[in-house]
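Beneath this line is the structure, given in structure tokens, with notes to follow.
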Amino acid sequence: MGRVGAVAVIGSGIAGIQSALDLADGGFRVYLIDSKTTIGGRMAQLDKTFPTLDCAMCIVSPKLVEASRHPNIDLLLYSQVTSVSGTEGNFKLKLLKKARYVEEDKCTGCGLCVEKCPSKVADEYNAGLSMRKAIYLAFPQAVPRVMTIDAERCLFLTKGKCGVCKKVCTAGAVNYEQKDREIELDVGSIILATGFTPFDPLLLKQYRPTHPDVITSMQFERILSASGPTQGHVLRPSDGRAPKYVGFIQCIGSRNPHIGRSRCSSVCCMQATKEAIIAKEHDPNLDITIFNIDIRAFGKGFEEFYMRAQKEYGIRFISSRPPEVQMDSSGKIFVRYEDMKEGRIKNMPLDLVVLSVGLDPSPETKKLAQMLGLDLDEFGNVASLIDHPLETSAPGIHACGVVQGPKDIPDTVAQGSGAAAKASALLATERGTLVKEKIFPPERAVPEMPRIGVMVCHCGINIGSIVNVPSVIEYAKTLPNVVHAEEAIYACSRDNQEKIKILIQEKNLNRFIVASCTPRTHEQLFQNTLKEAALNPFLFEFANIREHCSWVHMNEKEKATVKAKDIVRMAAAKSSLLAPLTTSRVSVTQKALVIGGGIAGMTCALDIANNGFPVYLIEKEDMLGGLLRHVTGLEDGRKSSDIIAPLIRGVMSHPRIQVFTGTLLADLKGYVGNFEGILDTRGTKHEIKFGAAVIATGAKELVPSGYYNYGSKNIITQLQLENSLENGFEKVPGNVVMIQCAGARIPERPYCSRTCCVEAVKNAIRVKKQTKSSVYVLYRDMRTYGVWEKLYREASGLGVVFLRYSEENPPIVKDNIVTVHDLLIGDDIEIEADSIVLSCPMVAPESNAEMAKLFKIPLDRNGFFLEAHAKLRPVEFATSGVLLCGTAQAPKLIDEGIAQASGAAAKVCVLLSKEEMETDAMIAAVDEKLCIGCGTCIKICPFNAPQLIDVEVKAEEMVYLAKKSRINPAMCKGCGSCAASCPVGAISPRGFTSNQIKAVINAFGSIPVVRS
Amino acid sequence: MSAETAAKVNGWEPKIVAFCCNWCSYGGADSAGMGRFQQPPTARIIRVMCSGRIDPLHVFNAFLEGADAVLVTGCHIGDCHYVNGNDKTKIKYKFLESVVRELGIEKERLQLNWISASEGEKFANFIRDVTEQIKKLGPSPLKPEGVA
């Protein structure tokens, strides 16, 4: 039986969405399944994201819209998987789709029913801090924008009374008769992305979780959000007043074996730091303390963020975890903690306590794991190996995101893409077999004379109750080139799309304006309608009279109507000048180049090759294996050769991978889909062509010259210790002293290198197991994050002594004596060391600078490559066709580098899966007659889209060559910066040409005089 | 009757042009709507893909068409959808400011603000603040004859 070119993705948080998008873009049919009413998962609940403080909703919302509109993604929401049968390549899933009691294809999401519904329920989206109605939209930006009736709370469904929602719904969408239904799916692979559920603090009664002013970090997140219960004002729940003293207690439901939660949840330290910073931004008078065991600021930019929290925002971090939240006789809450500096127990009264709750596996995970026959690890995550982080114990079933172990958003997104690469490799032969492509009628030619149609939307009562829609319609009819104007209750409803098509035909319209909501959510819908009506989609124009008018001028109806008329007039002025836009197609060289033959590069090359595309893999050293060759033992007790050897065999024997060792990329030209490079193998040059490139050039261990007497006898680095642990000690040391952060987290190198704590603890265990040596680890914060907390516990159990020092008082090494000021006992300790092991950070190789120049990609301030977006584009650059993975991006553990490598492979496969690439339509165009070849556009463009070419110019009797700018349509993103800088107005971005903008400004000017 | 007196007598309201970038400040204006952050109906938004697209000429055109104030808005520095379009805006804005000063226009009539797509309240407050400032100043001296 053949394989099925479709994939079921279970869980529609950011991990599942990323998998779905990469698979669907790569030519597979995707069923995106969730038990919730909307896609978006936990990320949609966050206010901002660390460490860049990006608004979570703003960055996730475009992904939600993209997933919901993708022709190859079917959303199956409010649905539960009830059974699974079959094997790799051929699974059969049964789902139960619950009744929403609202017809998905009729509901316009206007929200009138919500306003009128009398039944109130605690709102899950606001973590129970506010109420929602029984008929509801999970959150304002929910996708799909379809209401759901909470059957347990609906008065009609429970008692047969009410029925108000049905009465007010002008779209006729409410249907109390709707039934649950069964759905069957055939898929070739399954991706599990069921995420997490926040730890329920009711299990820790000593923290008084039922007190109104003791809230969880998820609740605080909602309080901070502008769309939350207090509109972003920091107010405590008990009395709605602004608190003064706020205390975060870390590790609630993490690092606590007594309640079966011994692992670290990885994200809470940064989440608390982020929430504290946002809270201080909202209310600078707040006094905020974060009580913690260690602050685990291990990711890219995290340590710097943690420093900013202290220095810029004055947030206090105290290394002591209060055992309980107490209440004094007046009912005021306080915590007891240990002040290490003074060495005594203190009380701190607090107005608001935030419990930083950990990430528990979601309840669905266990059920699904049983159904799918997957092993779980000791913490309830889907079990995986560090060299196969995305594979489960069942062939054909992959896992990504927090279901596989606690992690932050970028690691989740990288895994989401990575799981897509694994699934598509499995189904590579079926690529493109089940995808739909929408066929549109051929576009008709547009005559010079514009004939504009206008539809003004009431949006139920959202617009119509404020703006006088009929008068806007009459006004629109008087505007130049407008030949027809009419109203609609919901312009976006399905029947109105049909209406628009009929109008275009009957009235012979060649431009269309909808005056309703925002183009950011609805433009594509109407553009598609125009396409169906055989009109170029770019002949559509939006007039935003809801978000920008009726909703923000609710008490000034007349003035709102005047403004709505202005908005329509300005839209009509632009509409008259709109021209059909076309995209061009460029061919794609369906081959990839992977630079760097470490585990990341090799994994990436294998994944691309397994997806059916040829790969050039180049490595500057004479051997493959990268930094891992110098590591001998792995965190899980295996040898590193257990990982490297099969990878090397895999790439060397793969028919589609060509390996070049001792080779550098000497030169590069071209752009996405069409790169040309010159490889230099020890002086021999050859030319290669490829469509996409992956930077996997890795990092190296810092040579700690100048730190802790490095260079003297018996002072080594962790990598040197790795060697002794594998090949035997020259002389077995009696006392081993490891010094953490040797050359890291200091002013000249402020970042945390993420891996050194895990590395040190792992090696401490190995020393303990191999010898009778005493091992001391001198550390600042023990950052054994995620599941590796278990190594820290194991090391402590084996008698490894952990001594904590501060940045101000680093250990002093003199001859073989190490003196450390231990924070816990508050005194100096001297240790006679036979071996001093420095845990040094990974640093970026100097050669990164050249690579950055070659590809025109940026480096961060620590010399690592800077990804396109810290959260949602961890393996991409802003430059299309160039991807990134492994320690070239930042220090990371093996499984993280491997997941990223698969993620980068997924992106490459999406690009290479098509023989031709479509370029954007809204790109810049140069009028060569005007261009003076000054090259300003070249300097301005961040995407290297314009280039100067020699053009023959005929002027009177003369013919000469002149430089003229030409835009590469494959590289231009249409921002228009070049147009604003061109000294002669030769460049104009299509869709926002200078003439069009000028027309809009002119139309602004002819304002009708309002007398009041 | 001078423009300023007219303003006081007739309860005059300024007309403001706000250039917004598609990814951030236009979204901020949308969020103001979604959050129902009320604001005076004085601003007319002109959408561009990036604040870097805003040509100084557009700003002068808007003044010549009777705008009492022109707002240049975009993503926060570092958040630009096009890498660094807003950095370029910042530089061009300095130039614009100096020209506007040369022309003798009050500095309140040209303002720059970075507003993210989530900052609906900030957008609304910005429009309210600018409207108040311009009300005190009265109509723009560049306003053509016959335009309110």
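Each chain gets a letter, A, B and so on, in the order its sequence line appears, and its residues count up from 1. Keep in mind that what you see is a predicted model, and the values were worked out from it rather than measured.
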Given heavy-atom pairs under 4.5 angstrom as the criterion, report whether the side chain, backbone, both or neither of [X] touches chain A.
X	value
B:Ala29	both
B:Ile45	both
B:Ile16	backbone
B:Pro56	side chain
B:Phe19	side chain

Relative to chain B, which segment of [X] carries a heavy atom at a distance below 4.5 Å: side chain, backbone, both, or neither?
X	value
A:Ser994	both
A:Glu523	side chain
A:Met554	both

About how many Å separate CE of A:Met971 and SG of A:Cys941, when rounded to the nearest 0.5 Å?
8.0 Å
Assess the residue pair A:Lys559 and A:His553 against the criterion (side-chain hydrogen bond (donor to acceptor under 3.5 Å, both in side chains)); give the C-alpha distance rounded to whole Å, side-chain angles, the decisive distance to 0.1 Å, and a yes or no.
CA-CA 8 Å; A:Lys559 286 178 185 166; A:His553 311 308; over 6 Å; no
Among [options], single out the residue with the greatest number of heavy-atom pairs under 4.5 Å to chain A.
options	answer
B:Glu121, B:Gln38, B:His58, B:His76	B:Gln38
B:Pro40, B:Gly85, B:Cys24	B:Pro40
B:Val83, B:Asn61, B:Asp55, B:Asp30	B:Asp30
B:Asn22, B:Ile127, B:Leu64	B:Asn22
B:Pro41, B:Gly52, B:Ser51	B:Pro41

With a 4.5 Å cut-off on heavy-atom pairs, point out which of [options] contacts chain B the most.
options	answer
A:Gly991, A:Cys982, A:Gly985, A:Ala979	A:Ala979
A:Asn1002, A:Val1000, A:Thr518	A:Asn1002
A:Cys975, A:Pro942, A:Cys549	A:Cys975
A:Ser981, A:Gly976, A:Ser225, A:Ala980	A:Ala980
A:His548, A:Lys563, A:Glu547	A:His548
A:Asp47, A:Ile567, A:Val552	A:Val552

If you count heavy atoms of other groups shown closer than 6.0 angstrom to CD of A:Glu558, is the number above 12?
no
Output yes when B:Asp68 and B:Lys143 qualify as a salt bridge under the 4.0 Å nitrogen-oxygen rule, no when they do not.
yes
Is a salt bridge present between A:Arg569 and A:Asp566, judged by a nitrogen-to-oxygen distance below 4.0 Å?
yes
Give the ring-plane orientation class for A:Phe139 versus A:Tyr125, where under 30° counts as parallel, over 60° as perpendicular and anything between as tilted.
parallel
Could you tell me how the ring of A:Phe943 sits relative to the ring of B:Tyr82: parallel (under 30°), tilted (30 to 60°) or perpendicular (over 60°)?
perpendicular
If you apply the rule side-chain contact (heavy atoms from CB on, under 4.5 Å), what do you find for B:Trp12 with B:Ile134, and how did you get there?
CA-CA 10 Å; B:Trp12 173 83; B:Ile134 303 303; 4.1 Å; yes
For the residue pair B:Arg47 and B:Tyr26, would you count it as a cation-pi contact if the rule is NZ or CZ under 6.0 angstrom from the ring centre and within 45 degrees of the ring axis?
yes
Do we see a donor-acceptor contact under 3.5 Å between the side chains of B:Gln133 and B:Glu106?
no
What verdict does the side-chain hydrogen bond (donor to acceptor under 3.5 Å, both in side chains) test give for B:Lys88 and B:Asn84, after you've listed the backbone C-alpha separation in whole Å, the side-chain angles of each residue and the deciding distance to 0.1 Å?
CA-CA 7 Å; B:Lys88 294 166 204 158; B:Asn84 53 14; 3.1 Å; yes
Of all the heavy-atom pairs spanning A:Arg222 and A:Asn126, show the shortest one and how long it is.
NE-OD1, 2.8 Å
